[in-house]
Peer 1: 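One structure coming up, written as structure tokens, with questions to follow.
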2 protein chains.
Amino acid sequence: MPKRPVSEAERRRRRPTRGGAVLSHRLILDTALRMLHEHGSAGLTARRLGTALGADPSALYRYFRGMDDLILAIADDLMGRAADGWQGTGAWRDDLRDLGLRVHAAYLAHPQAAVLTAGRVSGRPHETAADETILGILRTAGFPDPDAVAVYQAFIDQALAFAALDAATLALPAAAREADHAVWGATYARLPARTHPHIAATAGLLVARMNRSAYPTALEMFLDSAEGRLTRARAAAAQVPPGRRP
Amino acid sequence: MPKRPVSEAERRRRRPTRGGAVLSHRLILDTALRMLHEHGSAGLTARRLGTALGADPSALYRYFRGMDDLILAIADDLMGRAADGWQGTGAWRDDLRDLGLRVHAAYLAHPQAAVLTAGRVSGRPHETAADETILGILRTAGFPDPDAVAVYQAFIDQALAFAALDAATLALPAAAREADHAVWGATYARLPARTHPHIAATAGLLVARMNRSAYPTALEMFLDSAEGRLTRARAAAAQVPPGRRP
DNA sequence: ACCTGAACACCGTTCAAGT
DNA sequence: ACCTGAACACCGTTCAAGT
């Protein structure tokens with residue numbers, strides 16, 4: 001196990017690099033995000049990041065344990081961008097929808113970063129803050145704790161899972177993305193009705209939909225079902241008045 | 001654009017490699033899946049694959065355009081494994097649940113491959129066959145075409161998105177996976193109630209749930225909502241008898 | 001204290017040459 | 001027809017040396 005890099009607060013001297021930049025976690029993170037946009041999700045390498053910062057690549061290892069540590073920091077940064085400035089209205093369904101769409105949008109704004117961070121639990125401040133917010137919305141709305149936890153987990157995983165899936169398409173190099181799009185136009189829309197009757201019958205609708213994210217539909221379906229659960233939980237609670245609870 | 005490698009049917013001579021193996025798409029695919037299991041999702045490289053096959057790495061380029069082409073072939077293979085031997089019962093809700101869980105399970109059986117193929121549209125035979133099956137289940141159940149297409153897309157994307165998300169955890173090297181698990185135990189369960197009251201209040205439930213997939217919950221919520229849609233669509237259709245349709 | 005430079009052990013892909 | 005071998009342009013990370 002390599003030893004922990006020096007934290008931002010502990011730093012004393014800030015000697016500039018050969019290129020004149022003064023390194024910091026923030027500067028490295030911002031430069032990494034810029035490189036991901038410019039060069040794609042495979043384009044973030046320690047060597048290129050060093051060059052972009054005007055520093056030797058090995059200097060990065062004083063700030064991050066390695067590329068994996070940097071990627072977890074990027075993940076938490078994306079979550080921070082999603083939650084930045086958010087205010088709840090008190091209407092749980094509207095608030096959840098809004099948060100889900102914000103997380104999805106924050107990831108899609110940095111699709112190459114989203115691909116890299118998909119499925120990683122960072123446990124860092126922005127992530128825990130988002131989790132606390134979502135659990136608070138559900139518990140305040142009246143979901144009993146076991147339901148709140150189950151619905152919370154399905155909600156955040158659905159948002160992140162669709163973000164990663166949709167980001168994967170956007171993050172492809174332009175050529176590959178066009179090739180994937182062309183698959184729909186060329187292969188699916190022209191499958192013969194004899195072998196693929198259902199695809200053939202709905203080809204127009206399929207092609208129109210396939211280049212749009214399914215997340216808004218899936219999110220609304222999720223909220224429908226959550227509302228049903230809440231109604232049933234409230235009805236069950238009304239059967240057992242507060243004074244008679246064990 | 002590199003030229004297309006020779007297809008399996010077009011091959012004439014089958015000269016064995018230096019290592020004695022006779023190359024084929026199937027052999028390369030199976031060897032690639034084995035390497036992914038043994039060395040993780042970053043462990044599939046052209047050089048290692050060559051060594052494992054007893055061939056020079058450059059020989060692979062006569063079978064696949066490059067690593068990306070190989071990855072799309074692996075994606076279609078996973079979909080084939082999911083659908084292999086599946087039989088519908090005619091009960092749309094049971095059939096969809098079964099297919100969703102099968103796709104999820106097929107991907108989780110090869111998590112390192114799932115990570116690599118997440119979000120890629122292959123347009124190849126097993127993928128189109130699965131799409132035809134799902135659309136058929138929905139249209140036969142009575143979903144009007146626009147609903148059938150919307151629900152189909154949300155269904156397949158949700159299955160693949162959760163598969164990729166859950167696979168990302170399983171595909172981590174053992175050390176990183178344990179570190180991610182430890183994040184839950186150490187960070188989340190011990191956040192103070194003063195700053196994170198909702199996480200603190202449900203910490204036991206959270207830790208118990210977090211190492212299990214949220215897909216079964218999300219899938220059941222999805223099916224709840226789809227059932228509501230179908231009921232409403234049937235009611236609307238009953239309002240307009242067939243003879244009066246435009 | 002912090003950054004550098006060399007070193008080590010790797011990559012994917014191309015293309016002319018061999019069999 | 002198919003595979004090989006060399007070549008090219010890259011990787012992440014470590015560690016002793018410089019400032």
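Chain letters run A, B, ... following the sequence lines, proteins first and then strands; every chain starts at 1.
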Peer 1: Check nucleotides 15-17 of chain D for protein N or O atoms closer than 3.5 Å to its own N or O atoms and list the pairs.
Peer 2:
none

Peer 1: What is the distance, rounded to the nearest whole Å, between atom CG of A:Leu53 and atom P of C:dC2?
Peer 2: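 Taking CG of A:Leu53 and P of C:dC2, I get 16 Å after rounding.
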Peer 1: Can you pull every protein N or O that's under 3.5 Å from an N or O on nucleotides 10-12 of chain C?
Peer 2:
from	atom 1	to	atom 2	distance (Å)
C:dC11	N4	B:Arg47	NH2	3.4
C:dG12	OP1	B:Ala46	N	2.9
C:dG12	OP2	B:Ala46	N	2.9
C:dG12	OP2	B:Arg47	N	3.2
C:dG12	N7	B:Arg47	NE	3.1
C:dG12	N7	B:Arg47	NH2	3.1
C:dG12	O6	B:Arg47	NH2	2.1

Peer 1: Calculate the interatomic distance between A:Leu49 atom CG and C:dT4 atom P; express it in whole Å.
Peer 2: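 Distance, rounded to whole Å: 13 Å.
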Peer 1: Looking only at heavy atoms, which two atoms of B:Ala114 and B:Ala167 are closest? And how far apart?
Peer 2: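 B:Ala114 and B:Ala167 have their closest heavy atoms at CB-CB, 3.5 Å.
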Peer 1: Can you measure A:Arg62 atom CZ to D:dT19 atom P for me and round it to whole angstrom units?
Peer 2: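 Roughly 17 Å, once rounded to whole Å.
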Peer 1: Nearest-Å distance, CZ (B:Phe64) to P (D:dC2)?
Peer 2: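 From B:Phe64 CZ to D:dC2 P: 15 Å.
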Peer 1: Stems involving DNA chain D: give each as a range paired with a range, ordered by first number, where a stem means at least three consecutive Watson-Crick or G-U wobble pairs under 3.5 Å.
Peer 2: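 Detected stem regions: C:4-8 with D:12-16, C:12-16 with D:4-8.
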Peer 1: Could you state the atom-to-atom distance from CZ of B:Arg18 to P of D:dC3 in whole Å?
Peer 2: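 Going from CZ in B:Arg18 over to P in D:dC3 covers 12 Å.
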Peer 1: Taking CG from A:Asp56 and P from C:dC3, how many angstroms apart are they, rounded to a whole number?
Peer 2: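 For the pair A:Asp56 CG and C:dC3 P, the rounded distance is 11 Å.
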Peer 1: What orientation do B:Tyr63 and B:His25 show, parallel under 30°, tilted 30 to 60°, or perpendicular over 60°?
Peer 2: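 Geometry flag for B:His25 against B:Tyr63: perpendicular rings.
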Peer 1: Could you check whether any side-chain N or O of B:Arg124 sits under 3.5 Å from a backbone N or O of B:Asp76, counting only pairs where one atom can act as donor and the other as acceptor?
Peer 2: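 Judged by distance alone, no pair lies under 3.5 Å.
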Peer 1: Run the side chain to side chain donor-acceptor pair (under 3.5 Å) test on A:Asp166 and A:His104 for me, step by step, so that the C-alpha distance in whole Å, both residues' side-chain angles and the decisive distance to 0.1 Å come before the verdict.
Peer 2: CA-CA 9 Å; A:Asp166 293 333; A:His104 190 253; 2.7 Å; yes
Peer 1: Nearest-Å distance, CG (A:Leu60) to P (D:dT14)?
Peer 2: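 In whole Å, D:dT14 P and A:Leu60 CG are 12 Å from each other.
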Peer 1: Is A:Gln153 reaching over with its side chain to a backbone N or O of B:Arg212, donor-acceptor style, under 3.5 angstrom?
Peer 2: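 Yes, because the side chain of A:Gln153 sits within donor-acceptor range (under 3.5 Å) of the backbone of B:Arg212.
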Peer 1: For A:His196, which residues count as a ring pair (Phe, Tyr, Trp, His ring centres under 6.0 Å) partner, sequence neighbours excluded?
Peer 2: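 A:His196 satisfies ring pair (Phe, Tyr, Trp, His ring centres under 6.0 Å) with no residue once adjacent residues are dropped.
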Peer 1: Establish, from distance only, whether the side-chain atoms of A:Tyr152 and A:Asp131 form a donor-acceptor pair under 3.5 Å.
Peer 2: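 Per modelled atom types, A:Tyr152 and A:Asp131 side chains form a pair under 3.5 Å.
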Peer 1: So which nucleotide from D:dC3, D:dT13, C:dC3 ends up closest to the side chain of A:Leu23?
Peer 2: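 In terms of side-chain proximity for A:Leu23, the closest of D:dC3, D:dT13, C:dC3 is C:dC3.
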Peer 1: What is the nucleic acid contact for B:Tyr63, judged by heavy atoms within less than 4.0 Å: base, sugar-phosphate only, or nothing?
Peer 2: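 The residue B:Tyr63 makes sugar-phosphate contact but no base contact.
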Peer 1: Just the rounded figure in Å: distance from C1' of D:dA1 to CD of B:Glu8.
Peer 2: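 These atoms are roughly 14 Å apart.
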Peer 1: Side-chain polar contacts of residues 41-55 of chain A - donor-acceptor pairs under 3.5 angstrom, sequence neighbours left out - could you list them?
Peer 2:
from	atom 1	to	atom 2	distance (Å)
A:Thr45	OG1	A:Arg48	N	3.0
A:Arg48	NE	A:Gly43	O	3.4
A:Thr51	OG1	A:Arg47	O	3.0

Peer 1: Using the side-chain heavy atoms of A:Val6, tell me which of these nucleotides is nearest: C:dC2, D:dC3, D:dT13.
Peer 2: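 Given the options C:dC2, D:dC3, D:dT13, the side chain of A:Val6 is closest to C:dC2.
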Peer 1: Quick one: side chain to side chain contact (heavy atoms under 4.5 Å, CB included) partners of A:Arg97, sequence neighbours excluded?
Peer 2: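 Partners of A:Arg97 by the side chain to side chain contact (heavy atoms under 4.5 Å, CB included) criterion, ordered by chain and then number, come out as A:Arg93, A:Asp94, A:Leu101, A:Leu219, A:Glu220, A:Leu223.
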